[in-house]
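Numbers for residues simply follow the sequence, beginning at 1. It should be emphasised that the depicted structure is a prediction, and the values quoted were computed from it without experimental measurement.
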Amino acid sequence: MVKFLKPGKVVVVLRGKYAGRKAVIVQNYDNGTQERPYGHCIIAGIEKYPAKVTRKMSEKKIKKRSKVRAFVRVINYNHIMPTRYTLDIVDSLKKAIPEDARTNLTSRKKGKKAIQQLLKERYLTGKNRWFFTKLRF
């Protein structure tokens with residue numbers, strides 16, 4: 001069987017608090033680990049999407065509406081749906097998340113802050129616009 005859940009693949013979260021949100025696979029564990037004996041992965045996604053911005057808005061309002069809030073989660077393969085899209089910022093995302101993020105909550109929070117900054121820069125440069133739009137369903 002071909003492995004298609006690789007780092008960089010864009011997925012949609014199906015279950016839990018972040019259901020319906022877009023995310024990117026940062027690291028995958030196909031065979032599981034000691035504490036999680038099933039296939040799972042670390043994903044980084046968008047908790048709060050940026051709001052619509054128009055030309056006549058002030059700079060202050062544009063800055064406020066362009067905020068992106070991120071999340072980092074360890075999630076079961078059964079609870080994500082892969083898309084055909086990939087993001088090319090996986091290397092920088094991997095560097096942003098510490099190695100013990102799978103088990104340690106405080107390191108996951110530090111990684112979340114760094115990822116939030118990376119995603120905000122990506123949004124402001126205008127790359128991958130489709131990733132920063134809310135799914136309507």
Trainee: Please confirm whether Arg129 makes a cation-pi placement over Tyr123, using NZ or CZ under 6.0 Å from the six-membered ring centre and within 45° of the ring normal.
Mentor: yes
Trainee: Counting C-beta onward and ignoring hydrogens, is there a side-chain heavy-atom pair between Val74 and Tyr29 closer than 4.5 Å?
Mentor: no
Trainee: Could you tell me the separation between the NZ atom of Lys52 and the CZ atom of Arg65, rounded to the nearest 0.5 Å?
Mentor: 9.0 Å
Trainee: Taking side chain as C-beta onward, heavy atoms only, is Lys94 less than 4.5 Å from Val26?
Mentor: yes
Trainee: I need the minimum non-hydrogen distance between Val13 and Ala23, along with the two atoms involved.
Mentor: CG2-CB, 4.4 Å
Trainee: To check you understand the geometry: which heavy-atom pair defines the closest contact between Ser92 and Leu118, and what is its length?
Mentor: O-CD1, 3.6 Å
Trainee: Once you round to the nearest 0.5 Å, how far does NE2 of His40 lie from CZ of Arg73?
Mentor: 14.0 Å
Trainee: Do other residues, nucleotides or ligands put more than 12 heavy atoms under 6.0 Å from Tyr85 OH?
Mentor: no
Trainee: Given side chains that start at C-beta, do those of Thr133 and Lys22 come closer than 4.5 Å, heavy atoms only?
Mentor: yes
Trainee: Where do Ile115 and Leu93 come nearest, in terms of heavy atoms and distance?
Mentor: CG1-CD2, 3.7 Å
Trainee: Measuring from Leu87:CG to Asn128:CG, what's the distance to the nearest 0.5 Å?
Mentor: 5.0 Å
Trainee: Assigning hydrophobic clusters by single linkage (Ile, Leu, Val, Met, Phe, Trp, Tyr; side-chain heavy-atom cutoff under 4.5 Å), is Leu124 placed with Tyr49?
Mentor: yes
Trainee: Taking all non-hydrogen atoms of both residues, which atom of Ser107 and which atom of Asp100 are closest, and how far apart?
Mentor: OG-OD1, 3.2 Å
Trainee: Can you see which heavy atom on Val53 is nearest to which on Met57, and at what distance?
Mentor: CA-SD, 4.0 Å
Trainee: To the nearest 0.5 Å, what is the distance between OG1 on Thr33 and OH on Tyr38?
Mentor: 8.0 Å
Trainee: If you measure from NZ on Lys95 to CD1 on Ile89, what distance do you get to the nearest 0.5 Å?
Mentor: 12.5 Å
Trainee: For Gln27 versus Pro7, what's the shortest heavy-atom pair and its separation?
Mentor: CA-CG, 4.5 Å
Trainee: Within a strict 4.5 Å, meaning less than it, do heavy atoms of the Phe71 and Arg21 side chains meet?
Mentor: yes
Trainee: With rounding to the nearest 0.5 angstrom, report the CG to NZ distance, Leu105 to Lys110.
Mentor: 11.5 Å
Trainee: I'd like to check Asn78 versus Arg15 (side-chain heavy atoms, cut-off strictly below 4.5 Å). Are they in contact?
Mentor: no
Trainee: Looking at Arg69, I'd like to know if its CZ atom is crowded, meaning that more than 12 non-hydrogen atoms belonging to other residues, nucleotides or ligands lie closer than 6.0 Å.
Mentor: no
Trainee: So do Cys41 and Ile80 actually touch side chain to side chain, heavy atoms under 4.5 Å?
Mentor: yes
Trainee: I'd like to check Trp130 versus Thr83 (side-chain heavy atoms, cut-off strictly below 4.5 Å). Are they in contact?
Mentor: no
